[in-house]
Amino acid sequence: MSNRQLLPVKMAIPFLSLLLILHNGCSPEVSQGPRDKQAAAVSEAQQQKQEQQPAAEAAEAKPKPSEPAKAAPPKLEQAATVSEAQQQKQEQPVPKEPVTKAVEQPVVVARIGDYVINKNELEQKLKTEINPYGYDQNSDEVKVIDVNEVLLKMLAEKAMIMEARKKGYLQDEEISIVIDRFKNRKLASTVWARYLQGRRNELEVTDEEIDKQMKADPKLDRKRAQAVLQRQKANQIFEQYYGQLCQKYNLKKESENFPEAVKLHGRLLNSPKEQRKQWWILSSQIRDELTPEEKDIVLATYDGGKVTVKDWLYALTEIAPPSRPKDLNTEKGVESLLNRYLRLPILVTEAQLLGLDKDKGFMEELRKREDMSLLGKATNEKVKDVNEPTEAQIVAYFEKNKEKFSTPRTLKIDQIWCADLETANKVKAELDTRDFESVKNEFSLQKKGKPFETNAGREGVFFNDLWKGEPNQIVGPVKGFFGEQIKWRIVKILEKKAAQVKEYSSDMNNSIKWRILGEKRNEILAGYRKELLQKYPYEIYADRIKDVDPLDIP
């Protein structure tokens, strides 16, 4: 009897969910060929994802202090406990007392509307704010993090989301398309995984099948051959399942409208209303250059829904431009792309029938995705009219702010990373009688680290502690960023260079321009946040954040 093998479900399901990722233009049969190497052309989906991120989060420097928190009587919330009463098996005839475990509940530190911010969320935000990575590494500005200021900004962002919902931004096509994509992919992958879970026995692969596959393709080892075979079987299961759903929901393609899709695609591709740098169709063209009637031309129907030209074109923009079909000037090409896309709405319809769209976890995840898009939209709307500075304004700004464009202060350092403060103090004492390198080799968490140059852009709030040292001096114990953690270290200062003021050059115009734009946008957003915090009542539970130290978060 042959030995049958099966990948664990946890391995199989995520891999099989790739069948539903349509933005790369793949059919359910997962391609085995090499990926397109034209990396210069990014997909429209990636562009949209970047556009939806809160613009100011990436561009803005640290916001100026907001208004002080409104005084609010602290409301203590009872932490619920859950008794598990686990009976321990003992050899003694008398059992031990049941063990009661307290389930730690999130500590709410602030409220606004129906949003709450818990202590863990605040601490995660503080870790993001304090970490210098991702900011200007040439900056000489040391960021000082204030817990209340960060919490106020978090509340203000919730207020921006509330205001965006009130203004109906969710109905904006730019937002609704992004949300629908997220929702539909999630539902489709969930219903497919659920169906496959009940038929996982059909993914079993025998040793004979693996041997045969390896003989056909000698480059495969047993594990990869097994994965290939399971992929093939999963594709067969999917096609059967999809075929059943098509019959169940009476899928019908409206081929008489395919010529109109050819025409509209050609118009957007070859005759855009506004000149574009790209050679491919942009999402903004679908949104702005088609009439409502053109968008609503039906290409397929099924019980409970339809697929329109708008859906079809947006599906096209999810494919990386180099991989987009080249035959969309034909009805056959229109139908081929439609066939790829149809799997998604049919699976979503089944998921909705099963009530998966009402799942609490799914709804919470969808709400978070909506909030992210709404915050990005609200941010972009507030700063979209900020005009670029003229060359005269750029020169004038530089003359008033030369220190902002100086070469940053730098230090050359070597360091010994320590597991804790106790170890750091021990290391410091050892250095009274031993050389730095030998102590480093014995104690450091990073023994192979070499001396390097650093600055405020890299060290963040810890730079000023280092700058107090002089060449050949040992500094510490002081904290620093050890990966994404904050740990103690002993630092040896090797060299020290003061900032150097630069003279104006037209080559600096771009960096000066972006600093001016960033400051203008920050000012607008800071004012908007302050305005919204006056409009939407909020509460901060000051007693619950008094012990929060940004430099002491695990």
Undergrad: How far apart are the closest heavy atoms of Y541 and V108, and which atoms are they?
TA: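 The pair with the smallest heavy-atom distance is CD1-O, 3.4 Å.
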Undergrad: Between S444 (side chain) and N441 (backbone), is there a donor-acceptor pair under 3.5 Å?
TA: no
Undergrad: Within the side chain of R489, is there an N or O that forms a donor-acceptor pair under 3.5 Å with the backbone of K479?
TA: yes
Undergrad: CD of E453 to CG of L494: how many Å apart, nearest 0.5 Å?
TA: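 The CD atom of E453 sits 10.5 Å away from the CG atom of L494.
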Undergrad: Looking only at atom types and distance, does a side-chain atom of R324 sit under 3.5 Å from a main-chain N or O of W280, one as donor and one as acceptor?
TA: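 Not a single qualifying donor-acceptor pair exists.
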Undergrad: Testing the 3.5 Å rule here: is there a donor-acceptor pair between the side chains of T423 and D420?
TA: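 Result is yes, a qualifying pair exists.
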Undergrad: What's the spacing between Q415 CD and K492 NZ if we round to 0.5 Å?
TA: 13.5 Å
Undergrad: Taking salt bridge (charged side-chain N to carboxylate O under 4.0 Å, His left out) as the test, write out the residues that go with K402, two or more places apart.
TA: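 By the salt bridge (charged side-chain N to carboxylate O under 4.0 Å, His left out) rule, K402 matches E399.
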Undergrad: Please table the atom pairs, donor to acceptor, closer than 3.5 Å between any side-chain atom in residues 546-554 and protein atoms at least two apart or in another chain.
TA:
residue: D547; atom: OD1; partner: K119; partner atom: NZ; Å: 3.3
residue: D547; atom: OD2; partner: K119; partner atom: NZ; Å: 3.3
residue: D549; atom: OD1; partner: L551; partner atom: N; Å: 2.9

Undergrad: Heavy-atom count check: over 12 atoms from other residues, nucleotides or ligands less than 6.0 Å from K368 NZ?
TA: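 Result for NZ/K368: open.
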Undergrad: Is the shortest heavy-atom distance from the side chain of V178 to the side chain of R369 under 4.5 Å?
TA: yes
Undergrad: Please report the interatomic distance NZ(K513) to CD(E388), rounded to the nearest 0.5 Å.
TA: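 Interatomic distance, K513 NZ to E388 CD, rounded to 0.5 Å: 4.0 Å.
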Undergrad: Please report the interatomic distance CG(L445) to CH2(W488), rounded to the nearest 0.5 Å.
TA: 14.0 Å
Undergrad: Atom CG in L122, atom CD in E129: separation rounded to 0.5 Å?
TA: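 It is 10.0 Å, given to the nearest 0.5 Å.
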Undergrad: Answer yes or no: does atom CD of E430 have more than 12 heavy-atom neighbours from other residues, nucleotides or ligands under 6.0 Å?
TA: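 Count over threshold, so yes.
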Undergrad: Distance alone, cut at 3.5 Å: any donor-acceptor contact between the side chains of E459 and T454?
TA: yes
Undergrad: Look only at the side chain of S373 and the backbone of I175, and say whether a donor-acceptor pair between them is shorter than 3.5 Å.
TA: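 Absent.
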Undergrad: Can you pull out every side chain to side chain donor-acceptor pair (under 3.5 Å) where at least one residue sits in residues 161-170? Sequence neighbours excluded, please.
TA: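 Qualifying pairs, neighbours excluded: E163-K535, E163-Y536, R165-E370, R165-D371.
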Undergrad: What are the two closest non-hydrogen atoms of K412 and P451, and how far apart are they?
TA: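 Minimum heavy-atom separation between K412 and P451: CE-CB, 4.1 Å.
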Undergrad: Check the pair I112 / I117 against side-chain contact (heavy atoms from CB on, under 4.5 Å), numbers first and verdict last.
TA: CA-CA 9 Å; I112 185 168; I117 297 174; 5.8 Å; no
Undergrad: With a 3.5 Å cut-off and no angle check, do the side chains of S511 and R515 form a donor-acceptor pair?
TA: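 No, no side-chain donor-acceptor pair sits under 3.5 Å.
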Undergrad: Report yes if the side chains of F182 and M372 come closer than 4.5 Å at any heavy-atom pair, otherwise no.
TA: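 F182 vs M372: side chains apart.
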Undergrad: For F443, enumerate each residue passing the ring-ring contact (aromatic ring centres under 6.0 Å, His included) test, keeping only those at least two apart in sequence or located in another chain.
TA: none
Undergrad: Could you tell me which non-hydrogen atom of I281 sits nearest to which non-hydrogen atom of Q285, and how far apart they are?
TA: CA-OE1, 3.5 Å
Undergrad: Looking at every heavy atom in both A225 and L220, which two are closest together, and how far apart are they?
TA: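 Reported closest heavy-atom pair: CA-CD1, 4.0 Å.
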Undergrad: Kindly say whether Y314 contributes a backbone atom to a donor-acceptor pair with the side chain of R181 at under 3.5 angstrom?
TA: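 Yes, R181 side chain to Y314 backbone: donor-acceptor pair under 3.5 Å.
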Undergrad: Could you tell me whether E422 atom CD has more than 12 heavy atoms of other residues or ligands within 6.0 Å of it?
TA: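 Not more than 12 within 6.0 Å, no.
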Undergrad: For V427 and C418, which heavy atoms make the closest approach, and how far apart are they?
TA: CG2-SG, 3.9 Å
Undergrad: Any side-chain heavy atom of I545 within less than 4.5 Å of one from I540?
TA: yes
Undergrad: Inspect the contact between E519 and K404 and indicate whether a charged nitrogen and a carboxylate oxygen are less than 4.0 angstrom apart.
TA: yes
Undergrad: Could you tell me if the side chain of V107 sits less than 4.5 Å from the side chain of N118, heavy atoms only?
TA: no
Undergrad: What distance separates I177 CD1 from E173 CD, expressed to the nearest 0.5 Å?
TA: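 I177 CD1 to E173 CD: 5.5 Å, rounded to 0.5 Å.
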Undergrad: Side chains of F436 and I416, heavy atoms from C-beta outward: is any pair under 4.5 Å?
TA: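 Counting from C-beta outward, F436 and I416 do come under 4.5 Å.
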Undergrad: Do you know the tightest heavy-atom contact between G449 and D414?
TA: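 Closest pair (atom of G449, atom of D414, distance): O-OD1, 4.3 Å.
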Undergrad: Taking distance alone, no hydrogens or angles, what donor-acceptor pairs closer than 3.5 Å link side-chain atoms of residues 465-476 to residues at least two apart or in another chain?
TA:
residue: E470; atom: OE2; partner: K496; partner atom: NZ; Å: 3.1
residue: Q473; atom: OE1; partner: E470; partner atom: N; Å: 3.0

Undergrad: Less than 4.5 Å apart, any side-chain heavy atom of R409 and any of F463?
TA: yes
Undergrad: Between F462 and V478, is a side-chain contact (heavy atoms from CB on, under 4.5 Å) present by the stated rule, with each step listed?
TA: CA-CA 8 Å; F462 304 117; V478 292; over 6 Å; no
Undergrad: Measure from the side-chain N and O atoms of S505 to the backbone N and O of M508, and report whether any donor-acceptor pair falls under 3.5 Å.
TA: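 Not a single qualifying donor-acceptor pair exists.
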Undergrad: In the structure I gave you, are the side-chain heavy atoms of P477 and L421 within less than 4.5 Å of one another anywhere?
TA: yes
Undergrad: Between E121 and K125, does at least one N-O distance fall below 4.0 Å, as a salt bridge requires?
TA: no
Undergrad: Would you call D359-K186 a salt bridge at under 4.0 Å N-O?
TA: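 So D359 does not pair with K186 through a salt bridge.
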Undergrad: More than 12 non-hydrogen atoms from neighbouring residues, nucleotides or ligands closer than 6.0 Å to CD on E442, yes or no?
TA: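 Yes, enclosed.
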Undergrad: ring-ring contact (aromatic ring centres under 6.0 Å, His included) with Y504: which residues, sequence neighbours excluded?
TA: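 ring-ring contact (aromatic ring centres under 6.0 Å, His included) check on Y504 returns F398.
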Undergrad: With a 4.5 Å cut-off on side-chain heavy atoms, are L152 and E149 touching?
TA: no
